[in-house]
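All remarks here apply to the structure that follows.
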There are 2 protein chains.
Amino acid sequence: MTLADVAAHAGVSRATASLVLRESPLVAEQTRQRVLASVEALGYVYNRGAASLRMRRTNTIGLVISGLANPFFADLTEGVEEELRPAGYVVLLANTFDDPAHQDMLIRSMMEHQIDGLLIVAAVDSDAGFVTPLRNNGVPHVMTTRRIRGVHASYVGPDDDAGARLATQHLLDHGARELAYFGGPEHGVARIDRVAAMAALLAENGLEPEPSWTVPSRVSSSEGYAMARKLLEHGPPPEAVICHSDAIAFGLMRALRDVGVEIGTGCRVIGYDDVEHAQAWSPSLTSVSVAARTMGRRAARMLMERIEAPGSSPEESLVLRPSLVVRESCGCRPSSAH
Amino acid sequence: MTLADVAAHAGVSRATASLVLRESPLVAEQTRQRVLASVEALGYVYNRGAASLRMRRTNTIGLVISGLANPFFADLTEGVEEELRPAGYVVLLANTFDDPAHQDMLIRSMMEHQIDGLLIVAAVDSDAGFVTPLRNNGVPHVMTTRRIRGVHASYVGPDDDAGARLATQHLLDHGARELAYFGGPEHGVARIDRVAAMAALLAENGLEPEPSWTVPSRVSSSEGYAMARKLLEHGPPPEAVICHSDAIAFGLMRALRDVGVEIGTGCRVIGYDDVEHAQAWSPSLTSVSVAARTMGRRAARMLMERIEAPGSSPEESLVLRPSLVVRESCGCRPSSAH
DNA sequence: AATTGTAAGCGCTTACAATT
DNA sequence: AATTGTAAGCGCTTACAATT
């Protein structure tokens, strides 16, 4: 069942049939109707692969994510799709599980599928070389969420400096003097930037981050829990802690509960990402919100622009300002929790 | 940069070059090395689209998900990928946002991309006709997680009857007499099956579900919260409630807290899905676990088998038995919370 | 002038023939 | 007998020619 069958059924040439499918104005209304009727009658399904080969464009974009199970990335993925679908693109999704070697494989596989462009949340410990094949083959690409040291490519991500300052300032306003930045991948640029921003703001106030609690971790609630329990064996928590993610904050809060520290007074907690459940937790979690879905949309839009304007377009960087969603865990008592 | 270039560089024909890429044993080791060296030297990237057209097989499978932001489906997606990737498949992902019309579009789009098979978590209110185009065009497909009334297709999903009984029995063992099934899409088969199973088991004990709390809802913590708050205005909660999802349970627990009901004593709560944060919540959430990742793997495997054995294979149905992960919210006090 | 058809080609694979 | 090459074709699109 190919276009040739449709053409035969409608009594026109394959060329004409193709023109009506592509909605060309060159074909007479009568003929158009006839062809469309044949498509319907035969239940013809367009072969986009064949068309892509001929047109040298697949209308497919690759999305490489470091960990889909993280709701932050799931949201981002939804944003990407929302933006790309209406524009006629289809997304090829792949998960690296934060493994750089796997990531290299996936990028290669996507290139073999002739993607028109690539969106990537790079694995935390990516080697800077992962973009080389993309650049060499002129595949438009944009990185999002995570910056990798040494990689120069277009980028859409959160302003980590601003985010960390927002949280730090709020805690200082609460009168806290001992602050820590808890968790996050050790060499991740995000963690490094946020810790630096926090330290800078603290320094302006004659303070410095609590070293024993300013430690890296993997990003999950169970990791946050385990690490917090260990630290709590050696003494009480600092007055306030900013967590690298909401998941880590959930783990930390559970650990604090276990040892009888009251959250918001005994220890002020702020999370990062403003995940859906932050609101339902008790106490509800104050969190730095970076609007994952919006970020996905912006990144997708930037990629499309780069695909349209090939070669010429200079590398660009879009940084989104986060906001602080204030709830209870920092010690505030909002009039209504919801 | 095509295979022809590689062949020219290596001084062989395109046919030979193709044979070495496809790892045919027909070509001499020397020639093989020469071609591989040329591939390397030229930085050649295989065009899988062209090969697919010729071979009439794309090694691509479609995955249509009703809502990726739900961590349950994100896990499932990871399971699917884990299984499919090593087998040489690439997954085309699409999100329906539970919209049947959008779902129909996506399925069509995937068929145009010549997917070798389709895995689908159907939108809750899917029309039974959504499989027709797949069947008509002989596209192997398997449904997972959700069963749609009137649709006959291969399926991998949880045993909702067993899951609901597990939770109900546990609550009965705690001495609870007033039980409710809280939330979930009104016409969803899962909710209907679970409520029926619960009612059956209760009937054996001379009881019936608490009607005022056995109500449908959308699946999110904020919906669970809102609905619970509304019900709590009219009186105290039942002795025990099984929630349609962990997210709903989180919302419910928050609402109970707000009005001063102690969870586990004033009201026993059991969730469904055993999401990661169930463990970190306080109290930690007892939940019916259906192992989303495993389900994804099984569904992927079934699909691959159906692709290998075309036509012949009869429709099949694989049902996975869930387990009850007992924590604190039901009133148990496990020796260690983690 | 408006509409439709011819023919080549996108980058591969593979049956079969040809060469050593 | 072992290895390599020839040529056709997968299902489309599109420049250009041909027809009315």
For Arg32(A), is there an ion pair with Glu23(A) - N to carboxylate O distance below 4.0 angstrom?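 The answer is no: the pair does not qualify as a salt bridge.
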Are a donor atom and an acceptor atom from the side chains of Thr60(B) and Gln114(B) found within less than 3.5 Å of each other?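 No.
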Let's go through Arg146(B) and Asp98(B) carefully: what are the C-alpha distance in whole Å and the side-chain angles of both, what is the deciding distance for salt bridge (Lys or Arg N to Asp or Glu O under 4.0 Å) to 0.1 Å, and is it a yes or a no? CA-CA 12 Å; Arg146(B) 299 223 268 242; Asp98(B) 257 323; 2.9 Å; yes
Gap between atoms [atom1] and [atom2], on [X] and [N] respectively (whole Å):
X         : N       : atom1 : atom2 : value
Asn47(B)  : dC10(D) : CG    : P     : 18 Å
Met1(A)   : dC12(D) : CE    : P     : 10 Å
Arg54(A)  : dG9(D)  : CZ    : C1'   : 16 Å
Leu3(B)   : dG11(C) : CG    : P     : 11 Å
Leu19(A)  : dT14(D) : CG    : P     : 9 Å
Leu26(B)  : dG5(D)  : CG    : C1'   : 13 Å
Glu112(A) : dG11(C) : CD    : P     : 15 Å
Arg14(B)  : dG9(D)  : CZ    : C1'   : 11 Å

Sidechain-backbone polar pair: Thr77(B) side chain, Phe73(B) backbone, donor-acceptor under 3.5 Å: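 Yes.
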For Arg298(A), does its backbone N or O pair with a side-chain atom of Glu83(A) as donor and acceptor, under 3.5 Å?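 No; judged by distance alone, with no hydrogens or angles, the pair does not exist.
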Below the 4.0 Å mark, does [N] have OP1 or OP2 next to a side-chain nitrogen or oxygen of [X]?
X        : N       : answer
Ser13(B) : dT4(D)  : no
Ser18(B) : dT13(C) : yes
Arg22(B) : dT13(C) : yes
Arg56(A) : dG11(C) : yes
Thr31(B) : dT4(D)  : yes

Does dT6(C) have a Watson-Crick or wobble partner in any strand here, with both distances under 3.5 angstrom, and which is it?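 The answer is dA15(D), by the H-bond criterion.
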My understanding is that a pair needs two contacts under 3.5 Å, Watson-Crick or G-U wobble. By that rule, which nucleotide pairs with dT20(C)?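 Per the H-bond distance test, dA1(D).
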Identify whether any heavy atom of Ala15(B) sits under 4.0 Å from a base atom; if not, whether one sits that close to sugar-phosphate; answer base, sugar-phosphate or nothing.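 Ala15(B): base contact, heavy atoms under 4.0 Å.
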Just call it for Ala28(B): base, sugar-phosphate, or nothing, with non-hydrogen atoms closer than 4.0 Å on any strand.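 Counting heavy atoms under 4.0 Å across all strands, the contact made by Ala28(B) is with sugar-phosphate only.
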Of the options dC12(C), dT14(C), dG11(D), whose atoms approach the side-chain atoms of Thr2(B) most closely?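 Nucleotide nearest to Thr2(B)'s side chain: dC12(C).
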